[in-house]
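Note: hydrogens, waters and symmetry copies are ignored here, and every other heavy atom, side chains too, is used.
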Amino acid sequence: MAEKSSGLGALACYESSSEEEGPSPSKSLQQHEQHTGTKLSRSKQQHQQEDRDVVTLQKCKRKLDKDDAEQSLSFGNGTKRTRTKDLEKRPLLPSVPTDILQMFSDKRAMEGRKENPGEHGGRIRSFPHVAGNWATHVYVSFEPDADFTDGVKHLLGCLEAEVQLQQVEEYHISLSRTLSLTFHWIQPFIDSLRDTLRHTERFFCTFHGAKLYTNDEKTRSFLGLEVTGGHNHLLQLVQGVDTCLEEFRLQEYYKNPSFHMTVGWCVGNAHEDTQQFNQKLQASLSEAQDEFPSLGGFLVQEIKCKSGNRFFSFPLR
């Protein structure tokens with residue numbers, strides 16, 4: 001009996017030991033199936049959540065598109081304006097400078113159209129018009145009185161048999177050629193001129209003799225009163241202006257200028273270089289100066305620069 005009890009106890013110990021060593025195969029299979037089912041359930045839930053998120057995003061997008069359609073304006077060409085609220089949030093762009101607006105105030109500044117000489121008394125440009133380039137000229141300004149203009153009219157009348165000249169509207173003594181200056185260099189050029197001329201003092205110019213001149217292109221002729229007194233002062237002014245022109249790589253004035261004030265002009269080359277004509281011209285001028293004293297000269301008080309349709313003044317001290 002003792003042996004049987006001992007055998008049963010050993011068997012019981014064996015079975016107990018076997019259960020402690022690990023679960024049975026049937027139990028492991030059951031746990032595996034439960035674990036797999038849990039994973040599948042979680043995956044299905046994730047897919048469902050993703051589907052719900054997509055639907056939510058689509059609804060939001062449709063709502064935004066609807067709002068944009070209600071707050072935008074449609075034009076005939078199919079374009080749309082941005083919403084007013086968005087425009088109000090955007091920073092304002094800086095305004096266009098006045099100088100830039102003035103650059104295109106004249107329609108001709110934007111169009112390279114052909115010039116009609118008939119609009120300018122038959123005169124032809126010295127160089128072709130280019131949009132953005134401005135014809136620029138520096139000169140001694142002179143405001144004539146009635147005595148001077150009457151004297152000029154008398155002088156031109158004395159020469160009608162030889163040459164038909166028109167009386168000019170403005171009187172000046174050139175200190176530069178007529179040059180083409182790019183628009184954005186106008187103000188720097190004017191600043192340079194102002195700095196050069198700031199110490200120049202007033203002086204007298206006197207006229208003694210007259211002469212017919214032609215421009216470089218031989219397209220216009222001029223009658224000029226030749227400057228004698230004040231010639232050296234004018235040379236100093238030209239040297240200062242030439243310095244400014246050199247800074248901007250513009251053509252300087254003539255090397256040995258014959259300073260004169262133009263009082264009459266005509267189209268074409270009307271140059272009369274005969275001794276008979278010159279004698280009559282000088283005699284007519286002397287007669288006119290005796291009758292009209294203002295033809296003898298004037299006080300130089302101001303230098304001017306004309307660039308396009310803009311005028312700049314440089315008063316002398």
*Run the side-chain contact (heavy atoms from CB on, under 4.5 Å) check on K153 and Q167 step by step: do they pass?*
CA-CA 7 Å; K153 185 177 181 179; Q167 188 169 350; 3.6 Å; yes
*What do the steps show when you test S258 against E226 for side-chain contact (heavy atoms from CB on, under 4.5 Å), and what is the final call?*
CA-CA 7 Å; S258 174; E226 293 183 292; 4.1 Å; yes
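- Annotation for C266 and V163: closest pair SG-CG2, 4.4 Å, computed over non-hydrogen atoms.
- Of all non-hydrogen atoms in S192 and C244, the two that sit nearest each other are OG-SG, 3.2 Å.
- The closest side-chain heavy-atom distance from F148 to F292 is not below 4.5 Å.
- Among Y213, F207, Y171, the single residue meeting the ring-ring contact (aromatic ring centres under 6.0 Å, His included) criterion with H260 is Y213.
- Residues L235 and P257 are in side-chain contact: their nearest non-hydrogen atoms beyond the backbone lie under 4.5 Å apart.
- Between the OG atom of S174 and the CG atom of L234 there is a distance of 10.5 Å, given to the nearest 0.5 Å.
- Between W134 and F183, the two ring planes are tilted [angle within 30° to 60°].
- Across all non-hydrogen atoms, the minimal contact from K280 to A161 is NZ-CB, 4.4 Å.
- Hydrophobic clustering (side-chain heavy atoms under 4.5 Å, transitive across Ile, Leu, Val, Met, Phe, Trp, Tyr) groups Y254 together with L245.
- With hydrogens and angles ignored, the 3.5 Å screen pairs no side-chain donor or acceptor of Q251 with any backbone N or O of L179.
- W265 places a side-chain heavy atom less than 4.5 Å from the side chain of V267.
- By the rule that hydrophobic residues join a cluster once side-chain heavy atoms approach within less than 4.5 Å of another member, Y139 and L181 end up as members of separate clusters.
- Counting non-hydrogen atoms of other residues, nucleotides and ligands closer than 6.0 Å to CD of E246 gives a total of 12 or fewer.
- The side-chain heavy atoms of F298 and E143, taken from C-beta on, include no pair separated by under 4.5 Å.
- Between F259 and H231, a ring centre-to-centre spacing shorter than 6.0 Å is recorded.
- Summarising the geometry of G268 relative to S221, their closest heavy-atom pair is O-OG, 2.6 Å, with the distance given to 0.1 Å.
- Remark: the backbone N or O of S180 is not paired with any side-chain donor or acceptor of N133 at under 3.5 angstrom.
- For the residue pair Q301 and R202, the shortest heavy atom distance occurs at OE1-NH1, 3.3 Å.
- Heavy-atom minimum distance, A288 versus L295: CB-CD1, 3.6 Å.
- Going from atom CD of E162 over to atom CZ of F277 covers 6.5 Å, rounded to the nearest 0.5 Å.
- Checked by atom type and distance alone, the side chain of Q164 pairs as donor or acceptor with a backbone atom of E160 at under 3.5 Å.
- In terms of modelled atom types and a separation under 3.5 Å, the side chain of T219 and the main chain of N215 share no donor-acceptor contact.
- A donor and an acceptor atom, one from each side chain of N278 and Q282, are nowhere located under 3.5 Å apart.
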*I would like to know whether I190 and F314 meet side-chain contact (heavy atoms from CB on, under 4.5 Å); could you show each step before the answer?*
CA-CA 10 Å; I190 295 302; F314 310 94; 4.0 Å; yes
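- Residues V140 and I303 are in side-chain contact: their nearest non-hydrogen atoms beyond the backbone lie under 4.5 Å apart.
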*Might you work through the side-chain hydrogen bond (donor to acceptor under 3.5 Å, both in side chains) test for S294 and D145, ending with a clear yes or no?*
CA-CA 8 Å; S294 294; D145 55 16; 3.1 Å; yes
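- Cluster membership for L175 and F189, using ILVMFWY side-chain heavy atoms within less than 4.5 angstrom, is shared.
- With values rounded to the nearest 0.5 angstrom, L237 atom CG is found 6.5 Å from L197 atom CG.
- You'll find the side chain of L223 reaches within 4.5 Å of the side chain of L281, heavy atoms only.
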*For side-chain hydrogen bond (donor to acceptor under 3.5 Å, both in side chains), just list the numbers for D290 and S286, CA-CA rounded to whole Å, side-chain angles, deciding distance to a tenth of an Å, and then say yes or no.*
CA-CA 6 Å; D290 291 339; S286 297; over 6 Å; no
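- Of the inter-residue distances, the one linking E302 atom CD with L316 atom CG reads 8.0 Å to the nearest 0.5 angstrom.
- More than 12 heavy-atom neighbours from other residues, nucleotides or ligands sit within 6.0 angstrom of NE2 on H137.
- Within a 6.0 Å radius of CD in E170, no more than 12 heavy atoms belonging to other residues, nucleotides or ligands are found.
- At a threshold of 4.5 Å between non-hydrogen side-chain atoms, the residues T149 and V152 do not count as touching.
- When atom types are taken as modelled, the side chain of N269 and the backbone of T214 share no donor-acceptor pair closer than 3.5 angstrom.
- Between the OG atom in S176 and the CG atom in L193 there is a gap of 8.5 Å [rounded to 0.5 Å].
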*Determine, step by step, whether R220 and E217 satisfy the salt bridge (Lys or Arg N to Asp or Glu O under 4.0 Å) criterion, reporting the C-alpha distance in whole Å, the side-chain angles of both residues, the deciding distance to 0.1 Å, and the verdict.*
CA-CA 8 Å; R220 278 179 285 171; E217 296 78 21; over 6 Å; no
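- W185 and F248 have their aromatic ring centers within a separation under 6.0 angstrom.
- For the pair R310 (side chain) and S307 (backbone), a donor-acceptor distance under 3.5 Å is absent.
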_Pair H172, M261 - check side-chain contact (heavy atoms from CB on, under 4.5 Å), show working._
CA-CA 6 Å; H172 65 270; M261 176 177 287; over 6 Å; no
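- Put simply, the side chain of F312 does not reach to within 4.5 Å of the side chain of K304, judged on heavy atoms.
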